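Can you read through this structure? Questions will come right after.
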2 protein chains.
Amino acid sequence: MPIPNATPSSPRLHLVADDEDHSGCRALLQVLDRIGDKWTVMVVGTLARGPMRFNAIQRAINGISHRMLTLTLRGLERDGMVERRAFATIPPKVEYELTPLGRSLIAPLDTLMGWAQENRPTIEQAQTGYDGRPQGD
Amino acid sequence: MPIPNATPSSPRLHLVADDEDHSGCRALLQVLDRIGDKWTVMVVGTLARGPMRFNAIQRAINGISHRMLTLTLRGLERDGMVERRAFATIPPKVEYELTPLGRSLIAPLDTLMGWAQENRPTIEQAQTGYDGRPQGD
DNA sequence: CCGCATCCGATATGATACTG
DNA sequence: CAGTATCATATCGGATGCGG
């Protein structure tokens, strides 16, 4: 076991380490399966400001359908990232809120977003070069 | 300012910050569109060990089809994350290697993987609880 | 207001075979 | 060995309508 201290924030490169099987990679894929869809990140980002009602979330995201918001929230709720509180009033009122687990996801997501913002120009430049490149080159 | 905790290692929580439009969120979604598919992360993780030939990658990943590996590598190449070097020998030999841009993605990906590994038990526990919960509870 | 079911098109993935 | 094309299928996401 070549890992002396199990500090959570230790900067080991799990993705590259070959001391273990691809268990870390599989864990990453599990998470990407969750947040890699079209709306989950947007919903998490919206709920990061605080509890919000269903229609408020839908208005905030603008483009998400009624159905997909329901499904996305269900998935997040199932994973323990979002808590749902329904009030049996007329009309009904349902509030959604990020759990501590859900909030803890924001930091790593933000790290990825920092990378995305920094490298977007480079990526788009590479894409343009690739698309404009003739076959024989 | 309803945001209590700002992680020391990240100057700003872009995902939550409301001073700008959702431009950061969009950048994040762009990246997730790329790496959020079924194989990209696995390919990046495999190439992280060094340059590798097409069939070597396919054998390393085990489960990926010929076609999907081709498409995944094409996408990564287009984004400037992978460089492709073809040798016109018989039989042909093609090597793929992570570019500096591709390697720079490993760190944020690793951050996310750390989160995934730490919280996988919590998530699975939440899923079990959710699935076993009767409607009336 | 919120949730669910149904239908339907778009897209992602996989199997297979052919080419250089 | 590496790449491409074609076909089949599964899943995703959107529109819509009904129910509580």
Side-chain angles (χ1 to χ4, degrees), chain A residues 29-44 46-47 51-79 82-97 130-131 133-137, chain B residues 29-44 46-47 51-79 82-97 130-131 133-137:
Chain A
L29 289 174
Q30 272 192 347
V31 174
L32 284 177
D33 253 20
R34 294 292 164 188
I35 68 170
D37 65 12
K38 198 171 177 180
W39 299 110
T40 295
V41 166
M42 213 59 171
V43 171
V44 170
T46 302
L47 284 179
M52 212 177 286
R53 296 183 57 177
F54 186 93
N55 276 350
I57 303 172
Q58 186 172 19
R59 276 190 300 272
I61 292 186
N62 214 315
I64 191 171
S65 66
H66 196 107
R67 167 189 154 84
M68 285 318 294
L69 181 53
T70 301
L71 291 181
T72 303
L73 287 169
R74 281 262 169 283
L76 287 170
E77 192 192 354
R78 192 176 103 96
D79 290 348
V82 158
E83 190 196 340
R84 174 183 185 272
R85 274 193 305 271
F87 303 91
T89 57
I90 306 273
K93 170 180 166 182
V94 182
E95 263 194 3
Y96 291 91
E97 181 175 15
Y130 184 92
D131 293 342
R133 177 166 57 193
Q135 277 77 350
D137 192 20
Chain B
L29 289 175
Q30 272 191 346
V31 175
L32 284 178
D33 252 20
R34 294 290 163 190
I35 69 171
D37 65 11
K38 198 172 178 181
W39 299 110
T40 295
V41 165
M42 213 60 172
V43 171
V44 171
T46 300
L47 284 178
M52 214 176 284
R53 295 182 59 175
F54 185 92
N55 277 350
I57 303 173
Q58 185 172 20
R59 277 190 299 272
I61 292 186
N62 211 316
I64 191 171
S65 66
H66 197 107
R67 170 188 154 82
M68 285 318 294
L69 180 54
T70 300
L71 290 181
T72 304
L73 286 169
R74 280 260 172 285
L76 287 170
E77 192 192 355
R78 192 176 104 96
D79 289 349
V82 159
E83 191 195 339
R84 173 183 185 272
R85 274 193 304 271
F87 302 91
T89 58
I90 307 275
K93 170 177 163 181
V94 183
E95 263 193 1
Y96 291 92
E97 182 174 15
Y130 184 92
D131 294 342
R133 177 166 57 192
Q135 274 78 348
D137 189 21

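These numbers come from a predicted model, not from an experiment. First the proteins, then the strands, lettered A, B, ... as listed; each starts at 1.
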- [ ] Tell me, with the steps shown, if A/Phe87 and A/Arg53 meet side-chain contact (heavy atoms from CB on, under 4.5 Å).
- [x] CA-CA 11 Å; A/Phe87 303 91; A/Arg53 296 183 57 177; over 6 Å; no
Check your understanding: Quick one: is A/Lys38 getting a side-chain N or O under 4.0 Å of the D/dG14 phosphate, OP1 or OP2?
Key -> yes
B/Met42 atom CE is separated from C/dA12 atom P, nearest whole Å, by 21 Å
Paired with A/Gln58, the side-chain contact (heavy atoms from CB on, under 4.5 Å) test is passed by just one of A/Val43, A/Leu69, A/Thr70, namely A/Leu69
Separation between CZ (B/Arg34) and CD (B/Gln30), nearest 0.5 Å, reads 8.0 Å
To the nearest angstrom, the CD1-C1' distance between A/Ile57 and C/dC1 comes to 13 Å
From CE of B/Met52 across to C1' of D/dC1 the rounded distance in Å is 16 Å
Taken to the nearest whole Å, CD1/A/Ile61 to C1'/D/dG14 is 15 Å
ring-ring contact (aromatic ring centres under 6.0 Å, His included) filter on A/Phe54, not counting sequence neighbours, yields A/His66
B/Gln58 atom CD is separated from C/dG14 atom C1', nearest whole Å, by 12 Å
Scoring nucleotides 2-7 of chain D by protein non-hydrogen atoms under 4.0 Å (B base, S sugar-phosphate only, - none) yields SBB-B-
From CZ of A/Phe87 across to P of C/dC2 the rounded distance in Å is 11 Å
Value for CG (B/Leu73) from CG (B/Leu47), rounded to nearest 0.5 Å, stands at 6.5 Å
Rounded to whole Å, the CH2-P distance (B/Trp39 to C/dT11) equals 22 Å
Rounding to 0.5 Å, atoms OG1 (B/Thr72) and CD1 (B/Ile61) come to a distance of 8.0 Å
When rounded to whole Å, the CZ to P distance for the pair A/Arg85 and C/dG3 reads 13 Å
